[in-house]
**Student:** 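Handing you a structure now.
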Amino acid sequence: MNIAIASGKGGTGKTTISMSLASYYADKNISVAILDCDVEEPNVNLFLQAPVTEEVRTTVLIPQVDNSLCTGCGKCGEICEYSAIVLIKDKPLVLKEMCHSCGGCFLVCPEKAITEISRETGVVELGEINGIKYAGGRLNISEAMSPPLIKDVKEFYPEAEIRLLDSPPGTSCPVIESVRGCDFLLLVSEPTPFGLNDLKLAAEMARAMKLPFGIVENRASEGNTSLKDFCKKEDVPLLASIPNTREIAVRYSRGDSVSYIKEKYSSELERIALHIDSTVKAGVK
Amino acid sequence: MKVAISTEGKDLDAAVDTRFGRAKGFLVYDMDSNESVYVDNKQNLEAAQGAGIQSAKTVIDAGADAVITGNVGPKAFTTLNSAGVKIYLFKDGNVQKAIDQLRKGELKLTSNANVEGHW
């Protein structure tokens with residue numbers, strides 16, 4: 001089962017909840033993997049501290065033009081949606097960072113002057129600790145596109161009973177790539193105007209993608225019902241509320257918030273896990 | 001020599017558009033004959049991405065040997081550079097003033113992109 005954890009707004013506690021759930025499943029002897037899909041700012045292993053046992057280089061395909069075969073017809077540039085290949089003074093110029101690896105230029109070239117070559121864009125780190133398998137993507141500096149690397153991260157540990165996909169913030173391409181094909185989407189948000197605004201966008205995304213989803217409220221404060229009201233109004237299950245306490249902040253600053261949350265909010269984690277399990281088994285969309 | 005100036009209007013009185021990739025249009029001015037041709041850039045102005053690259057292609061295809069604009073990003077720079085197009089930076093003024101300054105040798109040639117993409 002694939003459970004994606006996303007939020008809309010950044011810094012709402014996606015990784016904290018992902019890690020707490022991973023730990024919860026591991027304690028129950030359920031085979032669990034956590035996949036860090038936030039490849040631009042990976043942070044899962046800051047908390048998990050799994051020794052990295054393997055690093056897999058990830059690549060994308062980009063065009064290489066043999067100018068001795070090129071006649072300057074410009075068909076490669078015409079088919080490219082992203083201006084990654086443009087005809088400049090009758091010769092194709094490749095802007096490799098724009099390339100989405102669609103292979104169109106390669107297919108359309110009548111002279112077969114284009115070959116596809118690999119270009120490294122990042123690495124996937126692998127490791128395991130305390131019964132939790134870990135795969136985390138790390139995009140190389142200056143790379144503009146993360147989805148191909150996210151796709152590679154999602155290839156790991158298909159045998160795990162539970163795979164938790166810690167997604168990037170936002171609702172753009174990297175998030176779509178992370179949550180695509182998951183069985184359940186957990187949205188972690190906070191009752192602030194910014195948190196709520198982005199949660200609305202994330203809920204809209206989930207509906208457009210026809211993903212069953214539920215919400216975890218983090219940093220809940222007494223008297224602020226804005227997020228709870230949203231869930232009621234939108235008829236979305238609010239699976240848990242984690243309060244805004246000094247103790248969690250202190251633990252977080254030391255990097256051990258996960259063990260604290262697991263201990264103190266075990267019934268909340270249980271409720272989240274049971275809800276996801278029953279929803280997925282019932283095939284609710 | 002032909003110079004393409006990013007512009008908000010269509011004639012010599014129009015202000016120089018500080019953006020290159022998403023400029024409204026370009027006035028391609030022939031420094032020898034003093035004739036000019038306006039090239040619309042609406043398509044690239046509204047492009048989701050790659051505006052700088054396509055705008056560079058537009059001015060190169062129009063035969064420009066140099067560009068005068070307010071700012072130029074990395075991909076536009078790479079593309080213009082690949083065709084040997086010189087890039088001069090100019091701010092605050094109309095197209096006529098930019099051409100006059102270029103003639104007097106008062107405009108600075110840039111050898112780098114001076115802004116990030118999507119600035």
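Owing to the predicted nature of the structure, the values given are computational and were not obtained by experimental measurement. Lettering of chains follows the sequences in order, A, B, ..., and the numbering in each one begins at 1.
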**Student:** Are there more than 12 heavy atoms of other residues, nucleotides or ligands under 6.0 Å from atom CG of B:Leu109?
**Tutor:**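 Yes, CG of B:Leu109 has more than 12 neighbouring heavy atoms, counting only those of other groups under 6.0 Å.
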
**Student:** Are there more than 12 heavy atoms of other residues, nucleotides or ligands under 6.0 Å from atom CD of A:Glu120?
**Tutor:**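 Yes, the 6.0 Å shell around CD holds more than 12 heavy atoms from other groups.
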
**Student:** Take atom CG in A:Asn67; do more than 12 heavy atoms of anything else shown fall under 6.0 Å from it?
**Tutor:**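 Buried by this count: over 12 neighbours within 6.0 Å.
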
**Student:** In terms of heavy-atom proximity below 4.5 Å to chain B, should A:Glu97 be classed as side chain, backbone, both, or neither?
**Tutor:**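 The side chain, not the backbone.
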
**Student:** OG/B:Ser82 to NZ/A:Lys89 distance, rounded to the nearest 0.5 angstrom?
**Tutor:**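 The OG atom of B:Ser82 sits 8.5 Å away from the NZ atom of A:Lys89.
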
**Student:** Inspect the surroundings of NZ in A:Lys91 and state if more than 12 heavy atoms from other residues, nucleotides or ligands are less than 6.0 Å away.
**Tutor:**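 Atom NZ in A:Lys91 is packed in, count exceeds 12.
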
**Student:** What are the two closest non-hydrogen atoms of B:Gln54 and A:Ser83, and how far apart are they?
**Tutor:**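 Of all heavy-atom pairs spanning B:Gln54 and A:Ser83, the closest is NE2-OG, 2.9 Å.
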
**Student:** Would you compute the distance between atom CD1 of B:Ile53 and atom SG of A:Cys80 and round it to the nearest 0.5 angstrom?
**Tutor:**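 If we round to the nearest 0.5 Å, B:Ile53:CD1 and A:Cys80:SG are 8.0 Å apart.
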
**Student:** What are the two closest non-hydrogen atoms of B:Thr79 and A:Leu93, and how far apart are they?
**Tutor:**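 Taking every non-hydrogen atom into account, CA-CD2, 3.7 Å.
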
**Student:** Got a second to check how far B:Lys57's NZ is from A:Ile88's CD1, nearest 0.5 Å?
**Tutor:**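 Reported to 0.5 Å precision, the distance equals 5.5 Å.
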
**Student:** Is the number of heavy atoms from other residues, nucleotides or ligands within 6.0 Å of CD (A:Glu41) greater than 12?
**Tutor:**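 No, not enclosed.
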
